[in-house]
Colleague: 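First the structure, which I've put down as structure tokens, then a few questions once you've had a look.
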There are 2 protein chains.
Amino acid sequence: MILDERKKLILESIIRDYVETAEPVGSRAVVKKHGLKISAATVRNEMSDLEEMGYLEQPHTSAGRIPSQKGFRYYVDCMMEKETLDEKETEFLLHLLDDSFQELNELIQKIGHYLARITNYASFVIVPSINLSKFKYLQLIPIEEGKALLLLVTDLGVVMHRQIEVPGSIKAAELDLIGRVLNQILAGKKLAEVQRGDLQALREELKQRRRVIDRALEAIESLLANSNEERVMISGALNILNEPEFKDVDKLRRILAFLEEESMLKNLLPDNIGNKVDIRIGKENQSQAIQELSLVFSGYQTQGEKGWMGLMGPIRMEYWKAAGSLDSVREIIEEIIKKRF
Amino acid sequence: MILDERKKLILESIIRDYVETAEPVGSRAVVKKHGLKISAATVRNEMSDLEEMGYLEQPHTSAGRIPSQKGFRYYVDCMMEKETLDEKETEFLLHLLDDSFQELNELIQKIGHYLARITNYASFVIVPSINLSKFKYLQLIPIEEGKALLLLVTDLGVVMHRQIEVPGSIKAAELDLIGRVLNQILAGKKLAEVQRGDLQALREELKQRRRVIDRALEAIESLLANSNEERVMISGALNILNEPEFKDVDKLRRILAFLEEESMLKNLLPDNIGNKVDIRIGKENQSQAIQELSLVFSGYQTQGEKGWMGLMGPIRMEYWKAAGSLDSVREIIEEIIKKRF
DNA sequence: ATTAGCACTCAATAGAAGAGAGTGCTAACA
DNA sequence: TGTTAGCACTCTCTTCTATTGAGTGCTAAT
């Protein structure tokens, strides 16, 4: 559907106004705001057309118009220009992140906080499951009589550990040996592959220390199972308290409850991760619980790892700002990661 | 101040009723509810007395009475009987915790969730700083060209790690040696003590590998600094959305904002940790932000480690249930920890 | 000391009136 | 044919008033 320039102008004007004030916008307001050369009556006619086409709606007869979800959709698809971060913000972000993190997770979490802070929306970040990364290093370390620590490092430097029981009689050197063997067999494999056959094969190979190996393998399995899950992190959930559409406590409860059930989020995102910004407006969301919310999100990709990050706000959302910020931030973190790892 | 039996009965009746309904309680309601043998008029006289004494207050002339904070305080101090967990709940909790945790932190966190769930209040747990626990074991592990992992274990089995840079030329055996030396010097020390002089002394002792050692010591210092902070964990914050006194979004915002600033909490608790349940009602709290909330909390103690756990709810709180639950839960976790570690 | 009776108070609710914002339609104009 | 001014109309929102009802406090009787 193609709109003529004047209709576009009016639609944009109404959207900008409505996003800012959360109030229906009248014809006079449109004229004044943009200093248009046409009269309010003309605008009224156009607005009437736009309503008929489904881009605007009227809360009641004598109110102004508000953009419909379809209106937002049209704006987002055909008219919007993203507002990326300006230099100062970029600078600040870079400064914030500069080697102040030890691990990928930390970085990602900081990004989440930052996004929430500059946009005043709730942000979410979905950290890729470690599953995809490669096994790199493993060691068995005696801690005390009867206990050892299994240490596992992936090639991206994620360290996981777990205590296991071992016979009291076992010697440090022996533990070390077992560790080495495990290491050799697993080295370079993807963690996801490890699960399949190797563990069984290993059990056979090292019969004489069955007990230790069994425990070690259990520990590895358990670590895998744990890290298998993508982690979802939400920041700035309280930002939605500031939106006038959620001054009703019941609505609020529904939404915050949804956010608390973090795992729900990832079901809503598409299966394959690109890295273009995608937008889900209100009812376009699958989940009942957040059909009064909009999602703006983007995949990110870092040498083999893929994850999501995004923003959630009211339907009356500054999509331009949200989408632009995401674009900028994605670029920045991909760059940082490339440099660091 | 001593109240006669009848006044006590009436005060209790009003408190119970008010806690349940959040509505002012009238004289008739008191009589009916408890099937008292006295008339409403008599109750009115008594209520008037109680008000004069400061235990009750009236929102306005023609409303019933509600307990004042002083009233709650009196009840809590002189009349309340704690309601500990019943057998089924205890059973369930034990089952929930039974070896399903790897580390102390995990256990504590689960406890927090459980407390929030059974009481329908927000729970908090403050995990003791690791500072107090003893250094047990340290190892340097080569990961790849130029990078090593410093691994540190405390006697309670908490594992911390951090990557450090090392010269590319260094051999695994050498790293191992350095680790051993560090180990010997630090072994058995309390982590808090480590900070003082040892690190400096060490630097002298191992001049030939200054670079590695410097990095290792930096890492240890940084780990210490990180773990120095007590960690605060809050669960079930959304439970306060259900309380009618917070249906006002502004109040809500203040309180949730306070909860998000988790670190604030520990400033509110007494300096020395006992393990009796303590209660702070409304204005008794130091912090402005939560003077409309009550805190019920208790210390817990596990071989040298001390921490806090507690519940936060409206002033109109089921103190008997909260205090009782805490008592039960504390007993249970202290027992579990004694058994496990 | 207790209680029944009654006048009184005050919040909460409902209804009515008025104000104001904004529209849609009509007729005039370029 | 597109644009505009004018005006009646609609509907929400606010304000004001009346009514209701719960609950009290006081008084007088038991």
Side-chain angles (χ1 to χ4, degrees), chain A residues 2-11 13-18 20-68 71 244-245 247-248, chain B residues 3-11 13-18 20-68 71 244-245 247-248 316:
Chain A
I2 282 181
L3 296 183
D4 64 51
E5 281 311 309
R6 196 168 68 186
K7 282 201 174 57
K8 278 190 183 176
L9 202 58
I10 290 172
L11 179 57
S13 183
I14 290 173
I15 285 182
R16 289 272 175 176
D17 230 43
Y18 178 66
E20 188 179 338
T21 64
E23 300 284 317
V25 185
S27 51
R28 275 177 59 84
V30 172
V31 174
K32 272 193 187 165
K33 201 85 168 196
H34 276 243
L36 293 188
K37 294 290 183 301
I38 50 179
S39 78
T42 312
V43 173
R44 276 204 288 282
N45 287 332
E46 297 284 36
M47 282 163 80
S48 184
D49 290 351
L50 283 168
E51 179 168 6
E52 210 169 322
M53 290 186 260
Y55 297 123
L56 296 179
E57 48 197 35
Q58 241 178 333
H60 56 266
T61 340
S62 70
R65 303 294 207 298
I66 64 177
S68 66
E245 34 267 88
K247 64 186 188 309
D248 172 38
Chain B
L3 297 182
D4 64 52
E5 280 312 308
R6 197 168 66 186
K7 281 200 174 57
K8 279 190 183 176
L9 201 60
I10 290 171
L11 179 58
S13 182
I14 290 174
I15 285 183
R16 289 273 174 176
D17 230 44
Y18 178 65
E20 187 179 338
T21 64
E23 299 284 317
V25 185
S27 52
R28 275 176 58 85
V30 172
V31 175
K32 272 192 186 164
K33 202 85 167 196
H34 275 243
L36 294 188
K37 294 290 183 302
I38 50 179
S39 78
T42 313
V43 173
R44 274 203 290 283
N45 288 331
E46 297 284 36
M47 282 163 79
S48 184
D49 290 352
L50 283 167
E51 178 168 7
E52 210 168 322
M53 289 186 261
Y55 296 123
L56 295 179
E57 48 195 37
Q58 242 179 333
H60 55 266
T61 340
S62 69
R65 303 294 208 298
I66 63 177
S68 67
E245 34 267 88
K247 65 183 188 310
D248 173 37
R316 179 187 59 78

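Convention: sequence-line order gives letters A, B, ...; per-chain numbering from 1.
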Colleague: Applying salt bridge (charged side-chain N to carboxylate O under 4.0 Å, His left out), which residue pairs with at least one partner in residues 51-64 of chain A are found, sequence neighbours left out?
Modeller: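 Pairs touching residues 51-64 of chain A that pass the test: A/Glu51-A/Arg65.
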
Colleague: Could you tell me which residues satisfy side-chain contact (heavy atoms from CB on, under 4.5 Å) with A/Arg16, sequence neighbours excluded, listed by chain and number?
Modeller: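 With neighbours one apart ignored, the set is A/Glu12, A/Tyr75, A/Glu83, A/Trp320.
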
Colleague: Which is the 5'-most and which the 3'-most nucleotide of DNA chain D that has an atom under 4.0 Å from a heavy atom of chain A?
Modeller: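 Range of nucleotides within reach of chain A: D/dT3 to D/dT12.
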
Colleague: Does B/Tyr18 reach the side chain of B/Glu23, with side-chain heavy atoms less than 4.5 Å apart?
Modeller: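 Result no, sub-4.5 Å side-chain heavy-atom pair not found.
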
Colleague: Looking at residues 39-54 of chain B, who's got a heavy atom less than 4.0 Å off DNA chain C?
Modeller: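 Nucleic-acid contacts, sorted: B/Ser39, B/Ala41, B/Thr42, B/Arg44, B/Asn45.
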
Colleague: Check B/Val25 against B/Ile14 and note the closest heavy-atom contact, atom names and distance.
Modeller: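 Residues B/Val25 and B/Ile14, closest heavy atoms: CG2-O, 3.8 Å.
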
Colleague: Applying side chain to side chain donor-acceptor pair (under 3.5 Å), can you list everything that pairs with B/Arg6, at least two apart in sequence or on another chain?
Modeller: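 Counting only residues at least two positions away or on another chain, B/Arg6 forms a side chain to side chain donor-acceptor pair (under 3.5 Å) with B/Glu46.
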
Colleague: Apply side-chain contact (heavy atoms from CB on, under 4.5 Å) to B/Lys247 and list each qualifying residue two or more places apart in sequence or on a separate chain.
Modeller: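 Expected list: A/Val249.
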
Colleague: Under the rule for side chain to side chain donor-acceptor pair (under 3.5 Å), what residues qualify as partners of A/Ser62, not counting sequence neighbours?
Modeller: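 For A/Ser62 there are no side chain to side chain donor-acceptor pair (under 3.5 Å) partners, ignoring immediate neighbours.
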
Colleague: Name all residues meeting the side-chain contact (heavy atoms from CB on, under 4.5 Å) criterion together with B/Leu3; count only those two or more places apart in sequence or in a different chain, and write none if there are none.
Modeller: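 B/Leu3 satisfies side-chain contact (heavy atoms from CB on, under 4.5 Å) with B/Lys7, B/Lys8, B/Leu11, B/Leu50, B/Met53, B/Tyr55, B/Tyr74 only.
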
Colleague: Who pairs with A/Lys32 by side-chain contact (heavy atoms from CB on, under 4.5 Å), at least two apart in sequence or on another chain?
Modeller: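 Result, side-chain contact (heavy atoms from CB on, under 4.5 Å) vs A/Lys32: A/Arg28.
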
Colleague: Among residues 26-36 of chain A, which ones have heavy-atom contacts with DNA chain C below 4.0 Å?
Modeller: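 When residues 26-36 of chain A is checked for heavy atoms under 4.0 Å from DNA chain C, the hits, listed by number, are A/Gly26, A/Ser27.
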
Colleague: Within the 4.5 Å heavy-atom criterion, are A/Asp17 and A/Val30 side-chain neighbours or not?
Modeller: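 Counting from C-beta outward, A/Asp17 and A/Val30 never come under 4.5 Å.
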
Colleague: Do any of residues 56-67 of chain B sit with a heavy atom less than 4.0 Å from DNA chain C, and if so which?
Modeller: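 Within residues 56-67 of chain B, the residues near DNA chain C are B/His60, B/Thr61, B/Ser62.
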
Colleague: Over how many whole Å does the gap from A/Asp17 atom CG to C/dA21 atom P extend?
Modeller: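 About 16 Å, once rounded to whole Å.
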
Colleague: Would you confirm whether B/Ser27, through its side chain, and B/Val43, through its main-chain N or O, come within 3.5 Å as a donor-acceptor pair?
Modeller: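 The answer is no, because no donor-acceptor pair under 3.5 Å joins these two groups.
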
Colleague: List the residues meeting side chain to side chain donor-acceptor pair (under 3.5 Å) with A/Thr42, not counting sequence neighbours, and say none if there are none.
Modeller: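 Checked A/Thr42 against side chain to side chain donor-acceptor pair (under 3.5 Å); matches are A/Ser39.
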
